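This is a predicted model, so every value here is computed, not measured.
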Amino acid sequence: MKFSFVALAAAAFAGIAKASLPTISVDGRYFYFENGTRFFIKGVAYQPNVDTDSNGDAVSSDFVDPLAQEDSCLRDVEYFKKLHINTIRVYAVNASQDHSACMKALDSAGIYVLADLAQPSESIDRTSPKWDTNLFSRYASVVDAMANYTNVLGFFAGNEVTNNNTNTPASAFVKAAVRDMKSYISMQGYRSIPVGYSTNDDSDTRVSMADYFECGSTDERADFYGVNIYEWCGSSTYQESGYADRTEEFANFTIPVFFSEFGCITKRPRTFQEVQALFGVNMTGVWSGGIAYQYFETNNNYGVVSIESSSVVTLTDFPYLASQFGAVTPTTSSDVSTTTVTASCLPTNTNWVAAVELPPTPSDEICQCMSNSRSCVVLDSVSSSSYTDLFNYVCGVVSCDGITANGTYPGSYGDYSFCDSKQMLNFVLDLYYSAKGDCDFSGSATTTKTSALSGTCASYVSAAGSVGTNSVAYSMDANAVATTLTTPGASATNGTSTSSVKSGSTTYSSSGSSGSVGSSAVTLSGNAIYAFMATVIAGVAVAFL
């Protein structure tokens, strides 16, 4: 059965159950139903019990997956209908739990799901970014848990990871996550589910960041782009709010763009007048709708409902949001520019220094192969909390470039920079042992007998070289492991990117400074790399909300 936007919305809001919602696809700059009708997001953020700090970052690793709470989900679906929404955004999914009852109820109500792949304790950290085997496994597990539901609209590979001009290199790691999750979805034989990114609205970086996630090959560019935008506060207008300026900036964007959060608070109740503009003729030629922040009342006081003794109590904002969403029927301007402009991946100013070269695809197989082939390894009895001291000592003596990663332009990544901390420690302990003949480290390490390497394992370790900086490129097979090895390639050209990465010294720029596009980069050694490895081990998760 085919549905137009209006017909689908009417059926959903009338509570008419359907066997299965039609899938939404991306074609060019818009979302479409199967019949070729454009899809506009009318959504609300849906995540309970997340404590955040003043920056909106999660302060606890604990979270509740709302899609796995059958009773509360079924309860809330009735209020989603009253809000006249067709999409919810969920910031954290527990891949080990059952989502079938909730997803079925949402499907019957005509509601799609945009799911973030991260969770509070497993996300790309803007202060010490990495894209490693643990994060790959986390992201892939969410894809596996959700991919077969036809009302999954898409996945976010990150949310506000880069939030100002001091941490733009972190975006290289997010873009690598986009690339690898797109590849994983394809390799697993799932339907084509788009993978995108959600950003904040920072004036210094918003244009360059949008260009960065839009640029490059279809394999690595984002499939869609969300902006968390809070410019319309209280009574305003299309011009005064800044919406006109933002719409002009994205006029020639080539992938779908929408408000992944909106709903500024200056006083309560919020009347959500911006909904009329967002779904009006001035904006729908560029924007594909938006997601109001948020459904649940939490400690940030942005909710439209509160939960009291498991019952929903609508707050003062609720009727205004419901009225505004219920009153709009998206229309498309006939004079929207259709010019296609290919964005450059290269840094264009000192506010944006993210690397064109992206981090390599993580592979558990390669990390295990490398670690198991080491003659000097850390004892299992040594706590991971003690790894920092070992890294500090060893990296002051031997090169740790093989395990470090730098997303500052042009980009430099060790061949084992995606491995877990124990595997990386085994690598550098063995380097020290080879150089100094000592494998004691005050009783923290021991020598072990190793078997001769063979097959792909031998090929990779040989190609990576003794210090792991030969920048070997490899590709993912159907089981999400790297098996195809090639020799190091040339750096990417303007507007494109390859899977190979540069060799040479790893460089890092301190907060607020940039690399080779207008300021100094520094090579880490001694105390600097000690501090870097400490942040790798700490792994503090940010950028959740």
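Side-chain contact between T168 and N351 is absent, with no heavy-atom pair separated by less than 4.5 Å. Inter-residue side-chain proximity for T361 and R179 is flagged as met; some heavy-atom pair is nearer than 4.5 Å. Between V90 and L114, the closest side-chain pair of non-hydrogen atoms is not below 4.5 Å. In this structure, E261 and I229 have side chains that are not in contact, with every pair of non-hydrogen atoms separated by 4.5 Å or more. A 4.5 Å side-chain heavy-atom check between L429 and V378 finds at least one atom pair inside the cut-off. The side-chain heavy atoms of K130 and D125, taken from C-beta on, include no pair separated by under 4.5 Å. With contacts defined as side-chain heavy-atom distances shorter than 4.5 Å, the pair Q69/V64 qualifies. Residues I403 and F391 meet the side-chain proximity criterion, which asks for heavy atoms closer than 4.5 Å.
Atom-to-atom distance recorded for N392:CG and C400:SG is 9.5 Å, nearest 0.5 angstrom. The SG atom of C395 sits 9.0 Å away from atom CG of L431, with the distance rounded to the nearest 0.5 Å. With rounding to the nearest 0.5 Å, the separation of SG in C369 from CD in Q423 is 10.5 Å. Distance CE/M103 to CG/D98: 11.5 Å, rounded to 0.5 Å. Between the CG atom of N134 and the OH atom of Y139 there is a distance of 12.0 Å, given to the nearest 0.5 Å. One finds the OG atom of S25 at 9.5 Å from the CZ atom of R191 (value rounded to the nearest 0.5 Å).
Of all heavy-atom pairs spanning A157 and V174, the tightest one is O-CG1, 4.0 Å. Closest non-hydrogen pair, N470 versus A463, comes out as ND2-O, 2.9 Å. Pairing each heavy atom of A172 with each of L358, the nearest pair is O-CD2, 3.6 Å. Heavy-atom minimum distance, P256 versus F31: CB-CE1, 3.6 Å.
Counting only N and O atoms by type, the side chains of S260 and N228 include a donor and acceptor under 3.5 Å apart. S383 and S385 form a side-chain donor-acceptor contact under 3.5 Å, judged by distance and modelled atom types alone. Side chains of D204 and W352: a donor-acceptor N/O pair is absent below 3.5 angstrom, by distance only. No side-chain N or O of S198 forms a donor-acceptor pair with one of E160 less than 3.5 Å apart. Between D144 and Y190, the side chains place a donor N or O and an acceptor N or O closer than 3.5 Å (distance only, hydrogens not considered). Residues R138 and S123 bring no donor and acceptor atom of their side chains to less than 3.5 Å of each other. H99 and N94 share no side-chain donor-acceptor pair at under 3.5 Å. For N426 and S371, the side-chain atoms include at least one donor-acceptor pair closer than 3.5 Å. For the residue pair T166 / N164, a side-chain donor-acceptor distance below 3.5 Å is found, with atom types taken as modelled. Of the N and O atoms on the side chains of S208 and D211, not one donor lies less than 3.5 Å from an acceptor on the other residue. For the 3.5 Å distance criterion, the side chains of T205 and N165 fail to qualify, holding no donor opposite an acceptor. Looking at T23 and T150, their side chains never bring a donor and an acceptor atom within 3.5 Å of each other. A side-chain donor-acceptor contact under 3.5 Å links Q119 and S121.
Between Y413 and F173, the ring planes are perpendicular. Angles over 60° get that label, and only those under 30° would be called parallel. A perpendicular orientation is assigned to the rings of Y393 and F441, their planes being inclined by more than 60° (bins at 30° and 60°).
Each of Y225, F213, Y30 was scored for a side-chain contact (heavy atoms from CB on, under 4.5 Å) with I255, with one residue passing: Y225. For the side-chain contact (heavy atoms from CB on, under 4.5 Å) test with I41, the passing option among F224, F259, F258 is F258; the others fail. Between C439 and the choices D430, T448, T447, V377, the side-chain contact (heavy atoms from CB on, under 4.5 Å) rule is met once, by T447.
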C419 and F427: CA distance, side-chain angles, deciding distance, side-chain contact (heavy atoms from CB on, under 4.5 Å) verdict: CA-CA 10 Å; C419 299; F427 180 71; over 6 Å; no

Step-by-step side-chain contact (heavy atoms from CB on, under 4.5 Å) determination, D415 to Y460: CA-CA 9 Å; D415 291 321; Y460 187 87; 3.4 Å; yes

Steps toward side-chain contact (heavy atoms from CB on, under 4.5 Å) verdict (Q294, Y46): CA-CA 6 Å; Q294 62 178 346; Y46 184 58; over 6 Å; no

Full working for side chain to side chain donor-acceptor pair (under 3.5 Å) between D219 and S217: CA-CA 5 Å; D219 291 338; S217 68; 4.6 Å; no

Criterion side chain to side chain donor-acceptor pair (under 3.5 Å) on S171 and T162, from CA distance to verdict: CA-CA 6 Å; S171 284; T162 291; 2.9 Å; yes

Evaluation steps, ring-ring contact (aromatic ring centres under 6.0 Å, His included), between F262 and Y230: CA-CA 5 Å; F262 72 87; Y230 292 84; 8.2 Å; no

Intermediate values then yes/no, side-chain contact (heavy atoms from CB on, under 4.5 Å), Y433 and R374: CA-CA 10 Å; Y433 176 57; R374 302 300 98 179; over 6 Å; no

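Side-chain atoms of Q47 do not come within 3.5 Å of backbone N or O of P66 as any donor-acceptor pair. Side-chain N or O atoms of D132 include one that pairs as donor or acceptor with a backbone N or O of L135 at under 3.5 Å. One N or O on the side chain of Y197 and one on the backbone of V161 form a donor-acceptor pair closer than 3.5 Å. In terms of modelled atom types and a separation under 3.5 Å, the side chain of Y416 and the main chain of M370 share no donor-acceptor contact. With S417 contributing its side chain and G414 its backbone, the two residues share a donor-acceptor pair below 3.5 Å. Not one N or O on the side chain of T408 forms a donor-acceptor pair closer than 3.5 Å with the backbone of P169. Checking side-chain atoms of R29 against main-chain N and O of V257 turns up no donor-acceptor pair under 3.5 Å. Not a single donor-acceptor pair under 3.5 Å links the side chain of S137 to the backbone N or O of T133. Checked by atom type and distance alone, the side chain of D65 pairs as donor or acceptor with a backbone atom of L67 at under 3.5 Å. Remark: side-chain polar atoms of N200 are paired, donor with acceptor, to backbone N or O of N163 under 3.5 angstrom.
The cationic group of R89 lies under 6.0 Å from the six-membered ring centre of F156 and within 45° of the ring axis, placing it in a cation-pi geometry. Cation-pi geometry between K175 and Y212 is met: the NZ or CZ atom falls under 6.0 Å from the ring centre, inside 45° of the normal.
The pair D201-R206 meets the salt-bridge criterion, since a charged nitrogen lies less than 4.0 angstrom from a carboxylate oxygen. Using a cutoff of 4.0 Å between basic side-chain nitrogens and carboxylate oxygens, K182 and D223 are scored as salt-bridged.
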